[in-house]
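Structure record follows, encoded as structure tokens.
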Amino acid sequence: MSRRFFITTPIYYVNGAPHIGHAYTSIAADVMARWKRLDGFDVFFLTGTDEHGQKVEQAAVATGVDPQAHVDRLSADFRAMAEAMGVSFDDFIRTTEARHKRACAAFWDRLVASGDVYLGAYEGWYALRDESFYNDDELTTLPDGTRLAPTGAPVSWVKEPSYFFRLSAWQDRLLAFYDANPEVIGPPSRRNEVLSFVRQGLKDLSISRSGFRWGVPVPNDPDHVMYVWVDALVNYISALGFPDENGPLWRFWPADLHLLAKEIVRFHAVFWPAFLMSAGLEPPRRVFAHGWWTVEGEKMSKSVGNVIDPRALVAEFGLDPVRYFLLREVPFGSDGDFSRRALIGRLNVELANDLGNLSQRTLSQVARNLGGRLPAIAAPTEDDEALLSLAAALPDQLRELIDRQALHEALETVWKVVRAGNAYVDRQAPWALRKTDPDRMAAVLRVLADTLRAVATVLQPFMPDSMGRMLDQLGVPVEARSLAGLAVPLPGGTVLPAPSGIFPRFAEQAA
RNA sequence: GGCGGCGUAGCUCAGCGGUAGAGCAGGGGAAUCAUAAUCCCUUGGUCGGCGGUUCAAAUCCGUCCGCCGCUACCA
């Protein structure tokens with residue numbers, strides 16, 4: 001088994017401020033990246049920004065700034081958002097960087113060399129005023145037959161020279177690829193959509209534009225810039241040093257997981273593998289699409305004014321509760337609804353009451369009744385063994401679940417142990433044992449401490465800061481916090497710091 | 001229109017051939033170590049309608065009703 005792991009988010013298009021959807025993808029990828037590191041993998045976690053295209057060029061012109069200055073500002077905002085969300089990326093690629101343009105040019109040359117690129121003409125309804133093509137279904141037709149763009153500009157049928165990628169030639173090879181790699185697209189519903197899309201027949205893909213300049217130049221044809229597909233997708237290999245296949249990072253290719261939102265599955269599961277195979281490179285091992293969030297039951301939109309700013313959310317509730325909520329509330333891969341009420345419920349019930357309080361009630365008894373020293377392990381009773389074995393099973397269970405991106409199930413699995421822990425405390429009643437059987441009380445508290453250690457260890461990728469503090473309070477040295485480290489018991493007598501609450505309950509301010 | 005999916009307790013969903021499940025919400029009780037946090041018990045469903053296969057169907061097949069996704073060049 002390969003011990004290296006390459007995971008990516010999409011590069012985010014800089015046509016607005018980052019919102020909860022961007023944060024969601026990045027946080028989910030972060031959890032997986034952190035999990036793999038915890039499990040001893042050599043991880044490369046890539047994110048970044050997509051900065052070319054006509055929309056960006058127009059936005060820059062509209063605000064009277066140079067496109068590069070415009071994207072510098074927006075890209076920095078995305079990067080700051082990732083950092084604010086605790087996203088532990090190893091590299092942040094920007095499509096305006098020289099290394100990316102070099103990779104794109106080399107990649108383009110490979111496609112040309114394979115015979116899959118030809119010069120043709122892209123046809124469509126074009127509005128001269130907007131300098132933009134429109135789809136048929138976007139147009140309105142006046143009684144006199146004039147067609148108008150959504151902007152009100154008149155359109156005419158225009159042919160523009162464009163390079164094409166011979167995607168039509170790749171249909172059978174793509175189907176064979178999906179067939180040989182059934183896990184390459186997830187969840188299964190997305191796989192089905194991709195399969196039916198490819199089966200219905202593929203058209204050649206326009207991969208250059210000559211109507212605007214803000215893009216990567218096409219080699220040997222200064223009239224063209226690369227259109228989005230090639231430019232954007234190549235980021236995944238430009239960050240690995242392509243075309244230098246002897247560079248230090250190239251060993252990370254092919255990507256183990258491209259994580260993305262459902263609307264860009266096709267680009268990643270159809271176009272990208274075809275490009276890569278054409279270029280003589282391996283296609284990604286897995287592409288997984290998650291769903292979209294609504295807000296309080298409504299679609300998120302600028303006009304409704306309900307777009308969630310992830311940083312505002314973190315300012316109010318804290319980073320870890322937000323990360324937890326996003327991954328716990330909804331089966332990963334499905335759509336979900338974001339509501340204050342639901343977030344507060346998860347925070348108060350699951351984080352504060354279930355987990356935070358289990359830690360607090362355990363550690364406060366250790367502090368008060370045992371002088372703050374971790375008791376030694378005693379011979380386990382049947383009840384002890386039941387709880388400990390549940391906790392010990394967590395790493396293997398989560399490995400399997402996280403490998404198939406079932407993040408919500410991973411959290412549910414951990415919470416079964418947390419609930420079992422609370423039930424165990426009540427059954428054993430160490431506060432009563434304090435008077436009748438202090439040794440047994442110590443043994444019970446040790447069982448609880450070990451259970452909490454396992455829980456906190458596997459939850460570190462989800463809530464790095466909070467679980468770090470919990471492990472501090474449990475006396476677990478930083479170097480003993482990996483999955484491998486969990487196998488080595490802490491010595492009895494370890495002095496624990498004074499416990500303090502990790503997840504305060506959230507009280508809604510009275511209006 | 002074509003292809004695919006879904007419809008199970010008040011809510012969110014799991015189960016996918018063998019006497020209906022979880023979490024939350026509701027009701028009752030216990031405990032008091034703990035962030036008044038916990039634990040135990042419990043109410044509640046003709047598993048969208050109809051028909052079929054089977055000794056046996058949420059579970060397979062057909063059909064109808066209702067929702068949803070995909071059906072390519074904004075990313």
Side-chain angles (χ1 to χ4, degrees), chain A residues 10-16 49-56 58 122-124 132-135 138 150 162 164-165 167 187-209 227-229 231-233 260-267 270-271 289 291-292 328-331 334-337 341-342 345-346 348-369 408-409 412 415-416 418-434 441 444-445 448 499-507:
Chain A
I11 46 174
Y12 300 116
Y13 197 50
V14 292
N15 62 346
T49 43
D50 180 9
E51 307 180 11
H52 287 133
Q54 190 165 29
K55 282 189 179 180
V56 170
Q58 285 172 342
Y122 179 71
E123 299 181 57
S132 181
F133 282 92
Y134 292 96
N135 279 334
E138 293 179 282
S162 169
F164 281 80
F165 176 76
L167 188 65
S189 55
R190 299 294 159 208
R191 173 185 159 81
N192 287 342
E193 288 177 7
V194 168
L195 288 182
S196 72
F197 175 79
V198 175
R199 283 197 193 108
Q200 78 177 24
L202 296 173
K203 296 190 287 193
D204 289 349
L205 196 64
S206 168
I207 54 170
S208 78
R209 286 288 186 277
Y227 196 47
V228 54
W229 323 127
D231 181 355
L233 291 164
L260 38 111
K262 63 185 183 181
E263 77 278 7
I264 51 174
V265 169
R266 179 186 311 142
F267 310 140
V270 182
F271 302 169
W292 286 347
R328 176 68 185 91
E329 180 70 3
V330 170
S334 304
D335 291 345
D337 183 55
R341 184 193 168 89
R346 294 284 181 190
N348 284 345
V349 174
E350 294 176 4
L351 294 181
N353 296 356
D354 289 347
L355 177 56
N357 188 51
L358 177 61
S359 171
Q360 187 67 14
R361 66 197 304 208
T362 298
L363 292 172
S364 69
Q365 291 183 82
V366 172
R368 182 150 14 76
N369 301 332
H408 65 296
E409 285 185 66
E412 176 56 28
W415 251 257
K416 281 182 182 156
V418 173
R419 289 187 207 108
N422 274 317
Y424 171 88
V425 185
D426 278 53
R427 271 197 310 277
Q428 296 298 326
W431 51 89
L433 292 168
R434 184 168 70 91
M441 175 198 71
V444 165
L445 293 176
L448 287 164
S500 68
I502 290 175
F503 296 111
R505 287 177 62 80
F506 182 87

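Heavy atoms only: backbone and side chains are in, while hydrogens, waters and symmetry mates are out. If you're wondering where the values come from, they're calculated on a predicted model, not measured in any experiment. Convention: sequence-line order gives letters A, B, ...; per-chain numbering from 1.
- Using a 4.0 Å heavy-atom cutoff across all strands shown, E263(A) reaches at least one base atom of the nucleic acid.
- Among the heavy atoms of the strands lying under 4.0 Å from Q200(A) are primed sugar atoms or P, OP1, OP2 only; no base atom is included.
- R190(A) contributes atom CZ, which lies 4.5 Å from atom CD of E193(A) (distance to the nearest 0.5 angstrom).
- Checking D204(A) against D426(A), the closest nucleotide of RNA chain B that is more toward the 5' end is the one next to D426(A).
- Across the strands present, G44(B) finds no partner; the criterion is a Watson-Crick or G-U wobble pair with both atom distances under 3.5 angstrom.
- Y424(A) has its side chain within reach of R427(A): a pair of non-hydrogen atoms, C-beta onward, lies under 4.5 Å apart.
- Here N15(A) does not reach the OP1 or OP2 of C74(B): none of its side-chain N or O atoms lies under 4.0 Å away.
- With rounding to whole Å, L351(A) atom CG is found 15 Å from A37(B) atom P.
- Across all strands, D50(A) comes closer than 4.0 Å only to sugar-phosphate atoms, never to a base (heavy-atom distances).
- In this structure U12(B) sits in a base pair with A22(B), meeting the Watson-Crick or G-U test at under 3.5 Å.
- When all heavy atoms of S206(A) and S162(A) are compared, the pair lying nearest together is OG-OG, 2.8 Å.
- The residue F503(A) sits close to a base: some heavy atom pair falls under 4.0 Å.
- One can place CD of Q428(A) at 22 Å from P of A30(B), the figure rounded to the nearest angstrom.
- Nearest nucleotide to the R419(A) side chain, out of A72(B), C74(B), G23(B): G23(B).
- Going from atom CD1 of I207(A) over to atom C1' of A72(B) covers 15 Å, rounded to whole Å.
- Judged by Watson-Crick or G-U wobble contacts below 3.5 Å, the nucleotide C60(B) has G52(B) as its partner.
- In the set U38(B), A72(B), C70(B), the nucleotide with an atom closest to the side chain of E193(A) is C70(B).
- Summarising the base pairing, G4(B) is matched to C68(B) through a Watson-Crick or G-U wobble pair whose two defining distances lie under 3.5 Å.
- Using C1' as the reference atom, A22(B) and U35(B) are 26 Å apart when rounded to the nearest Å.
- Candidate nucleotides G69(B), A72(B), A75(B) were compared by shortest atom distance to the side chain of R190(A), and G69(B) ranks first.
- If you check U32(B) for Watson-Crick or wobble pairing at under 3.5 angstrom, you find it has no partner at all.
- Residue L358(A) is out of contact with every strand shown, counting any heavy-atom pair closer than 4.0 Å.
- Between the P atom of A34(B) and the CG atom of N369(A) lies a distance of 9 Å, rounded to the nearest Å.
- Below 30°, between 30° and 60°, or above 60°: for Y227(A) and W229(A) the angle between ring planes is above 60°, a perpendicular geometry.
- Among U35(B), U38(B), C40(B), the nucleotide with an atom closest to any side-chain atom of A423(A) is C40(B).
- Phosphate proximity of A37(B) to R361(A): absent, as no side-chain N or O sits under 4.0 Å from OP1 or OP2.
- Atom CZ of R434(A) is separated from atom CD of Q365(A) by 9.0 Å, given to the nearest 0.5 angstrom.
- Across all strands, R368(A) comes closer than 4.0 Å only to sugar-phosphate atoms, never to a base (heavy-atom distances).
- One atom, CH2 of W292(A), and another, P of G69(B), lie 9 Å apart when rounded to the nearest Å.
- Residue-level contact check: G201(A) touches the bases, meaning some heavy atom is under 4.0 Å from a base atom.
- Heavy atoms of W229(A) sit under 4.0 angstrom from at least one base atom.
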Discussion item. The test is salt bridge (Lys or Arg N to Asp or Glu O under 4.0 Å); show your working for R209(A) and D231(A) and say whether it passes.
Written reply: CA-CA 12 Å; R209(A) 286 288 186 277; D231(A) 181 355; over 6 Å; no
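- Atom CG in N357(A) sits roughly 8 Å away from atom P in A36(B) (whole-Å rounding).
- Between the side chain of N353(A) and the base of A37(B) there is no donor-acceptor pair of N/O atoms closer than 3.5 Å.
- Which of G23(B), A75(B), C33(B) sits closest to the side chain of W431(A) comes down to C33(B).
- Side chain Q365(A) to base C33(B): a donor-acceptor pair is found below 3.5 Å.
- In A58(B) the base sits syn relative to the sugar, since the glycosidic angle is no further than 90° from 0.
- Protein atom CZ of R434(A) is 9 Å distant from nucleotide atom C1' of C33(B), rounded to whole Å.
- With contacts defined as side-chain heavy-atom distances shorter than 4.5 Å, the pair W415(A)/R328(A) does not qualify.
- In this structure, C73(B) forms no base pair with any nucleotide, since neither Watson-Crick nor G-U wobble geometry is met with both distances under 3.5 Å.
- Using a 4.0 Å heavy-atom distance criterion, L202(A) is classed as a base contact.
- At the phosphate of C39(B), neither OP1 nor OP2 sits under 4.0 Å from any side-chain N or O atom of Y424(A).
- With rounding to the nearest 0.5 angstrom, the CD1 atom of I502(A) is 7.5 Å from the CG atom of L355(A).
- Distance D354(A) CG to A22(B) P: 17 Å, rounded to the nearest Å.
- Between S364(A) and N192(A), the one whose closest nucleotide on RNA chain B sits nearer the 5' end is N192(A).
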